Every structure is written in C-alpha cells, then in structure tokens.
Amino acid sequence: MVFNNSIRVVDAALMIDDLPVDAIARELETPVYLYSLKRIQENYRRLKAAFEPVGGRIHYSAKANSNAAILRTLIDEGAGIDAVSGGEIARALQAGAAAQDIVFAGGGKTVAEIASAVERGIGWFNVENELELQYINEAASSIGTEELQVALRFNPEVSANTHPHIATGHGGAKFGLTAGAISDALEQPERYPCLNICGIHVHIGSQLGDSAATIQAIAKTKQLIIPYPEIHTINLGGGMPVAYRLGQTIPSLDKLVSEIAPHLRGYQVLLEPGRAVVADAGILVATVLYVKEQAGKIFYIVDASMTELIRPALYGARHEIVPLLQSDNEPVTAQVVGPVCESADVLAQDREMARLKVGDQVAIMTAGAYGMAMASNYNSRLRPAEVVVAVDGASWSVSRRRETIDELVLCDC
Ligand code: LLP
C-alpha cells in the first residue's frame with residue numbers, strides 16, 4: 001500500500017519515510033499529527049518545477065498548515081508565504097520569511113492588521129474591497145511609502161468544478177471585486193497615490209478538478225485588464241488538487257500547467273498553493289478507545305475527532321484510514337467516530353476495514369492540509385501535538401506540543 005514516496009506500508013507496518021509510525025506513536029499521546037518534511041520539500045519542488053515554464057513564483061498558503069517547522073522548510077526552499085491574518089504574518093516572519101516575500105490576502109483585514117503589515121514591509125496586498133484600498137493607502141502614506149504593491153482580487157463569475165464550500169469565483173460569492181469595481185479603481189489611480197496597483201488576483205477555488213474554469217477565469221481577467229498595461233502580474237491563487245483516495249488519479253500538474261501556460265504569456269505569475277504542498281505529507285494518528293456494536297453497526301470510538309480534523313464533518317470529505325500495523329483480521333464495515341457530542345463527529349462512515357480492537361492505532365491519511373490548521377477546542381478538548389520527520393527521513397521531533405489544561409483556561413478572566 002503506497003500513498004506516496006514518504007508514506008506507505010512496508011511489511012505490514014505503516015511507515016513515514018524511514019520510520020515505522022507505530023514506533024513514534026508509542027512514545028507519544030494520541031491523537032497526534034505527523035508530517036514528513038521530506039514529502040513537503042518534494043511537493044514544493046515538484047510544484048516549482050511544473051510552474052517554471054510560466055515563471056511562476058510560489059507563495060505557500062499558510063492557511064493549509066502553519067506549523068513552524070513546515071514554514072521553515074518551505075522558506076528555506078525559497079518559497080514566499082500567502083498569509084490571511086496578522087497571526088499568519090507573525091508566524092511567517094517568526095519562521096524566517098522576508099516581509100517582502102509575504103502576500104497579505106483576505107477579505108476582511110482590520111485597519112490594525114493593515115497598518116502593521118504596511119509597517120513591516122509586506123510585499124503584496126491582495127485587495128477585495130474599495131474601502132480596503134483607502135485604508136492601505138492611508139497606512140502607506142503614514143510611513144511615507146509610495147510604491148506599495150497591490151493586486152485587486154477579481155471575482156470572475158466562473159464556477160469551479162469542486163465542492164461548493166471551497167468554490168470562490170462564482171457570481172454571488174463573497175470573494176473578490178466585480179469587473180465593474182475593478183475598472184472603477186483602475187480608472188482612478190489618483191485616489192490611491194501611495195499604491196502601485198499592478199496585479200490581479202484570481203483564485204476560483206480549492207481542489208480544482210480540471211483546468212477549464214481556470215482558463216475561463218484567466219480569459220476574463222485578461223479581457224478586464226487589457227486597457228491597463230500597468231497590470232503586469234496575475235496571481236492565480238491555489239487550488240491544485242490532491243488525491244484523497246488510495247489509487248485515485250488526479251489531473252497531472254504538468255498537464256494543468258501546459259493547458260494554462262499559453263494564456264499567461266506576458267504576465268508575471270504568482271501562485272498560492274496550500275493543499276498540494278502539505279496534504280499528502282501528513283497523517284493523524286488515533287487510538288481506539290471503545291468498540292460498540294449496536295443497531296447492526298460496528299462503531300470504533302477513537303480519540304481523534306472533528307476537533308482535530310473537521311473535513312469529514314464539514315465537507316463530507318473522505319480520508320483513508322490505515323491501521324499502524326496491518327492484521328489478517330476479517331474485513332468488516334465500520335463507523336469510525338470521535339468522542340465529540342455531535343452526530344457529525346464521524347471520521348469514516350460505512351468503511352470497509354480490518355476488524356479493530358480497543359488499543360489498536362490507526363492513521364487518518366492525507367491530513368496535512370486543513371487538519372491542524374482548522375482544529376478547535378470544542379468540547380474543551382486540547383489541540384494535539386504535531387511531530388515532524390526531518391528531511392533526512394530518519395529522525396523525528398515534536399514541532400508543537402500538545403496543549404495543556406492550564407493553557408486551555410489561560411485566557412479566562
Ligand atoms: N489562495 C486563496 C486566496 C485561497 O482562498 C486559498 C484557499 C488558497 C490560496 C490555497 O488553496 P489550496 O491550494 O490549498 O487549494 N478548508 C478547505 C479548503 C479551504 C480553502 C480556502 N482557500 C478544505 O479543507 O478542503
């Protein structure tokens with residue numbers, strides 16, 4: 001069973017690079033996230049090489065996973081960072097990113113976040129609101145900058161082939177500016193004397209199934225900016241897909257790039273991949289707490305839940321579940337559920353898997369993107385530790401430790 005170069009089953013043991021996951025998990029409390037930095041480095045290099053023909057500059061989308069060791073690995077590789085909050089900017093800087101290599105995106109930046117980002121010298125602002133332009137201009141003016149790089153986020157009214165919760169470019173979505181609003185802003189540059197509005201940002205969704213909608217969005221973007229030669233940059237956002245099912249084929253990156261490349265000629269290209277960098281490099285390890293058979297069903301109640309990984313509950317997402325040690329146990333159809341008081345706290349429904357018993361450990365696969373990043377303290381649960389296997393593939397360390405009860409109540413007044 002091979003998920004990728006780093007995560008696979010060898011002699012009945014799930015491995016992360018050169019290490020049996022079981023051996024790492026034995027030394028830790030579960031639930032716990034494990035990431036292969038080697039796989040993350042490889043994913044980044046593959047994306048970088050694929051987008052080379054369009055000269056694409058990659059800003060890793062920190063919202064997918066802002067673990068410090070992951071950020072450091074990518075920054076060392078030369079990646080910029082796509083940040084959507086003051087918190088993500090702080091994490092990126094802490095991990096060693098140059099402010100100039102950070103893109104600050106997000107549809108609801110506060111005045112304080114804008115002021116702080118401008119003072120720190122953030123490289124690009126992706127803007128989604130006319131008032132936001134005024135705020136950024138004021139902040140730039142107050143520090144005497146006159147060349148702050150801005151990309152206007154365009155809502156091209158194109159429906160992406162993806163889950164409705166992660167489509168962002170259709171008409172009626174909250175994201176971006178309409179063509180009319182963008183033209184208005186570009187017609188009146190004198191209103192923003194401290195800004196250099198020289199880019200268009202167009203991210204139409206995540207886990208994109210094909211390039212058709214992207215090509216349509218680029219065509220609409222180019223039509224919109226033809227009268228404005230000062231727009232020299234197109235930021236295409238993220239959205240490169242990953243396979244969640246074992247053996248699933250997804251559109252190849254090279255094919256995707258070869259299809260969109262001709263449409264981008266003449267522009268500087270920026271990209272903001274998140275999922276494609278980290279998703280398949282991460283697993284969430286859980287232990288079976290209880291087994292319950294009722295109403296004709298088998299329930300495996302594990303110690304991970306929707307608070308560690310909300311994707312199944314929120315999007316109906318399917319994540320493969322693999323025992324750390326394979327057994328010859330008979331296959332059963334089971335429900336893998338967490339301890340949280342919600343009927344939606346189901347990690348796998350009607351899943352064919354080898355029978356498990358109390359104490360067995362399983363990995364919830366392809367959990368590196370939007371797993372820990374979306375973890376919560378619901379039910380006053382403690383967010384889990386994150387472990388990284390180094391790029392050498394042979395050593396591991398705790399990159400972020402599990403929260404404590406004391407930390408849980410720290411902000412209570
Ligand atoms: N740029 C922008 C403007 C975005 O909104 C996003 C993702 C990205 C880049 C990175 O997209 P990626 O390469 O990861 O597809 N929580 C959901 C995904 C939400 C995506 C939000 N925006 C999930 O777990 O599927």
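A quick note: this is a predicted structure, and the numbers were derived from the prediction, not measured. Start at 1 and go down the list; that is how both ligands and their atoms are numbered.
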Enter the distance from His263:NE2 to Gln216:CD here, rounded to the nearest 0.5 Å. 11.0 Å
Can you confirm whether Arg245 is buried at CZ, in the sense that more than 12 heavy atoms of other residues, nucleotides or ligands lie under 6.0 Å from that atom? no
Please write down residue, atom name and distance for the protein heavy atom closest to atom 19 (C) of ligand 1. Ile166 CG2, 3.7 Å
Under 4.0 Å from a heavy atom of Met374: which atoms of ligand 1 are those, numbered in the order shown and with their elements? 16 (N)
Any idea which protein heavy atom is nearest atom 24 (O) of ligand 1, and the distance to it? Arg311 NE, 2.6 Å
Taking both backbone and side-chain atoms of Glu272, is any N or O found less than 3.5 Å from an N or O belonging to ligand 1? yes
Under 4.0 angstrom from ligand 1, any heavy atom of Ala276? no
Tell me whether Gln223 at atom CD has more than 12 heavy atoms from other residues, nucleotides or ligands lying less than 6.0 Å away. no
Residue, atom name and distance, where the atom is the protein heavy atom closest to atom 15 (O) of ligand 1: Ser206 OG, 2.3 Å
Atom 17 (C) of ligand 1 sits nearest the protein heavy atom Tyr315 OH, 3.0 Å
Looking only at protein heavy atoms, which one is nearest to atom 21 (C) of ligand 1, and how far off is it? Lys63 CD, 3.9 Å
Thinking salt bridges, do Arg26 and Asp22 make one under a 4.0 Å N-O criterion? yes
Is Tyr315 atom OH crowded by more than 12 heavy atoms from other residues, nucleotides or ligands, each under 6.0 Å away? yes
How far is atom 20 (C) of ligand 1 from its nearest protein heavy atom, and which residue and atom is that? Tyr370 OH, 3.6 Å
Residue-level breakdown please: for His201 versus ligand 1, do any non-hydrogen atoms fall below 4.0 Å on the side chain, on the backbone, on both, or on neither? side chain
Heteroatom distance test (Gly237, ligand 1): nitrogen or oxygen, under 3.5 angstrom: no
For ligand 1, which atoms sit closer than 4.0 Å to a heavy atom of Arg153? 3 (C)
Identify whether the distance between the nearest side-chain nitrogen and carboxylate oxygen of Arg39 and Glu42 falls below 4.0 Å. yes
Which of parallel (below 30°), tilted (30 to 60°) and perpendicular (above 60°) describes His165 and His163? perpendicular
